[in-house]
4 protein chains.
Amino acid sequence: MINRVVLVGRLTKDPELKYTPNGTAVATFTLAVNRQFSNQQGEREADFLNIVVWRKAAENVANFLKKGSLAGVDGRIQVRTYEQDGRRQYFTEIVADNVQFLEPKGSSGGGRNNDYNGAPPMEPQGNPYGGGNQNQRQNQNTNKGYTRVDEDPFAGNGQIDISDDDLPF
Amino acid sequence: MINRVVLVGRLTKDPELKYTPNGTAVATFTLAVNRQFSNQQGEREADFLNIVVWRKAAENVANFLKKGSLAGVDGRIQVRTYEQDGRRQYFTEIVADNVQFLEPKGSSGGGRNNDYNGAPPMEPQGNPYGGGNQNQRQNQNTNKGYTRVDEDPFAGNGQIDISDDDLPF
Amino acid sequence: MINRVVLVGRLTKDPELKYTPNGTAVATFTLAVNRQFSNQQGEREADFLNIVVWRKAAENVANFLKKGSLAGVDGRIQVRTYEQDGRRQYFTEIVADNVQFLEPKGSSGGGRNNDYNGAPPMEPQGNPYGGGNQNQRQNQNTNKGYTRVDEDPFAGNGQIDISDDDLPF
Amino acid sequence: MINRVVLVGRLTKDPELKYTPNGTAVATFTLAVNRQFSNQQGEREADFLNIVVWRKAAENVANFLKKGSLAGVDGRIQVRTYEQDGRRQYFTEIVADNVQFLEPKGSSGGGRNNDYNGAPPMEPQGNPYGGGNQNQRQNQNTNKGYTRVDEDPFAGNGQIDISDDDLPF
DNA sequence: TTTT
DNA sequence: TTTT
């Protein structure tokens with residue numbers, strides 16, 4: 001059925017790139033999309049939307065986008081369900097078919113972590129979406145220098161079985 | 001910023017129509033949008049998306065759509081934030097600019113609650129989205145025969161101050 | 001770059017299915033999309049949009065849609081250019097990634113040409129878009145019972161070189 | 001019915017701003033949207049799409065966009081019909097609900113015509129869309145310093161009767 | 001936990 | 001809590 005989303009906004013952090021057990025790249029990031037109208041307090045609010053990208057596009061995202069980058073996303077909305085403390089939780093994300101880099105070419109100077117994995121050298125890496133899967137522990141695996149992912153691309157570890165067979169392409 | 005969503009799917013229940021204190025109509029419903037590809041178990045999953053509609057369109061939705069109706073939605077994604085048991089929760093919804101009725105004309109026979117407010121006569125009315133606002137109690141107010149809403153259109157009661165001033169049009 | 005179109009409307013005619021020289025299926029049809037507001041004369045106008053679909057989806061369109069069918073289209077806009085009488089002409093079409101059939105299942109009774117090629121038995125087959133390519137003549141070739149296409153899927157014959165290599169997937 | 005288009009691309013020229021007889025601002029420009037895949041010759045083609053914007057947004061477009069600017073457009077497709085030399089011609093355009101400026105703030109240096117009406121001082125003004133209305137002559141009228149438009153916003157003059165009553169809002 |  |  002028709003399920004189409006188009007967004008333009010800015011990354012709230014560097015993207016995170018991980019790999020499924022069979023080597024499929026998956027990148028995640030949050031896009032801040034400013035609302036068109038200000039609220040009663042005269043503030044211009046934003047919506048913070050979770051984006052997932054797979055395969056080659058995931059690696060491009062990891063290489064070319066960073067915190068603050070302007071990007072366009074064309075994809076579909078998906079809701080994932082999980083249990084937490086016996087309560088059903090919902091996690092809404094946009095699965096991107098296509099991510100467009102909207103920064104001017106020469107604007108990548110400084111700021112980006114040069115190791116391209118979105119994690120500051122010393123800090124442990126966590127789930128960028130606090131409301132998401134909670135049973136995460138520090139993921140020690142590496143794959144091509146990136147963090148490996150067995151399942152939920154938004155968690156450091158997980159029981160939801162995600163593999164290439166889930167990929168709709 | 002650009003934030004555009006287009007969906008086609010079926011209502012999981014009759015829509016709920018409420019009114020803000022100053023009389024603005026607001027309807028909510030959940031749209032089941034089938035995914036394009038089946039999962040590893042060969043099942044065709046669906047995403048269940050929360051839709052909000054305001055004003056005249058809200059009343060049309062309440063009058064013409066019911067559980068199972070096929071509908072198209074053109075709108076934008078919005079994330080609302082609230083606290084529950086000291087934890088931040090997120091509620092994602094589509095604010096519809098336009099809802100299109102895709103049922104054939106003569107297909108409204110039977111099934112729909114004829115009082116058009118989406119609540120079965122004897123049952124208390126609750127939040128259609130379990131993950132949403134929890135501090136709801138049965139709303140006793142009525143307005144033109146419909147349930148009144150002071151705030152969160154998805155709750156029976158609430159502290160989030162929603163009024164016509166929030167309306168972006 | 002981002003180029004996304006979503007439409008819901010009705011077919012003005014049965015779709016036309018053709019094949020490129022190397023056997024790729026391509027279907028074309030016109031979708032009548034009613035405007036949301038009526039004009040000064042109080043009439044509800046429609047826009048007539050040219051749709052192209054490739055491969056398996058093309059065959060599904062030919063098999064399941066007919067004149068009058070309600071359908072959703074998710075795709076991108078494309079403009080083709082050609083010369084006619086020494087003047088540059090533009091032909092705008094939507095290349096569909098996905099076509100959704102919105103007719104209720106049991107509603108296909110009668111009306112559709114059972115040979116599934118969109119052409120009434122006795123009538124010569126023409127370009128469904130009168131404003132389009134003009135240098136058309138009756139196409140005599142057949143391919144699996146369908147009309148073959150060497151180039152412009154909207155013409156009966158043509159000089160624009162279209163082949164599978166043009167397919168972006 | 002659902003008719004939604006989202007585009008990101010670059011202006012091929014400065015936008016043109018005109019006014020209807022009753023003072024409604026209308027801006028037009030062409031957006032070059034690069035295709036995602038290169039063709040057989042390895043070239044990355046673009047589609048050139050005609051955009052119309054009305055009212056306040058039209059004036060913003062005229063003030064903030066110029067040739068080469070990156071912009072996002074959210075709107076709907078519309079086809080206009082006219083006769084030329086006894087032949088029916090079609091003109092496809094995107095009526096924008098919303099135009100987003102995607103250029104970095106400090107990037108407006110040089111290049112733009114400072115009179116903000118999109119017309120070079122000495123040159124006659126023409127239809128930016130060669131395939132469009134042909135019976136144009138230089139429009140002499142002015143309105144608040146801008147070119148006035150009686151009808152087709154893409155022509156310098158015209159017989160198609162466009163007025164504020166046509167505005168769907 | 002949020003971007004400009 | 002989910003629709004056909």
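Reminder, nothing fancy here: chain letters follow the sequence lines and each chain counts from 1.
- Rounded to whole Å, the distance from CG on A:L7 to C1' on E:dT2 is 16 Å.
- Here E:dT3 presents its C1' atom at 12 Å from CG of A:D47, a figure rounded to the nearest Å.
- Proximity of B:K67 to B:F29: side-chain heavy atoms (C-beta onward) are nowhere separated by under 4.5 Å.
- Looking at heavy-atom distances under 4.0 Å, A:G68 makes contact with sugar-phosphate atoms alone, never a base.
- Between the CD1 atom of A:I2 and the P atom of F:dT4 there is a distance of 19 Å, given to the nearest Å.
- Straight-line distance from the CG atom of A:L31 to the C1' atom of E:dT3: 8 Å, rounded to whole Å.
- Side-chain contact, B:E45 with B:N39: a donor N or O sits under 3.5 Å from an acceptor N or O.
- Residues passing the side chain to side chain donor-acceptor pair (under 3.5 Å) test with A:N3: none are found, sequence neighbours excluded.
- Which of F:dT3, F:dT2, E:dT3 sits closest to the side chain of B:A32 comes down to F:dT3.
- Atom NZ of A:K66 and atom C1' of E:dT2 are 17 Å apart (whole Å).
- Out of E:dT4, F:dT3, E:dT2, the shortest distance to the side chain of A:R10 is found at E:dT4.
- Rounded to whole Å, atom C1' of F:dT4 lies 11 Å from atom NZ of B:K67.
- F:dT2 atom C1' lies 13 Å from atom CD1 of B:I51, rounded to whole Å.
- Distance, B:N34 CG to F:dT2 P: 14 Å, rounded to whole Å.
- With 3.5 Å as the limit, one finds no donor-acceptor pair spanning the side chains of A:Y90 and B:Q89.
- Listed candidates were E:dT4, E:dT2, F:dT2. Nearest to the side chain of B:Y90 is E:dT2.
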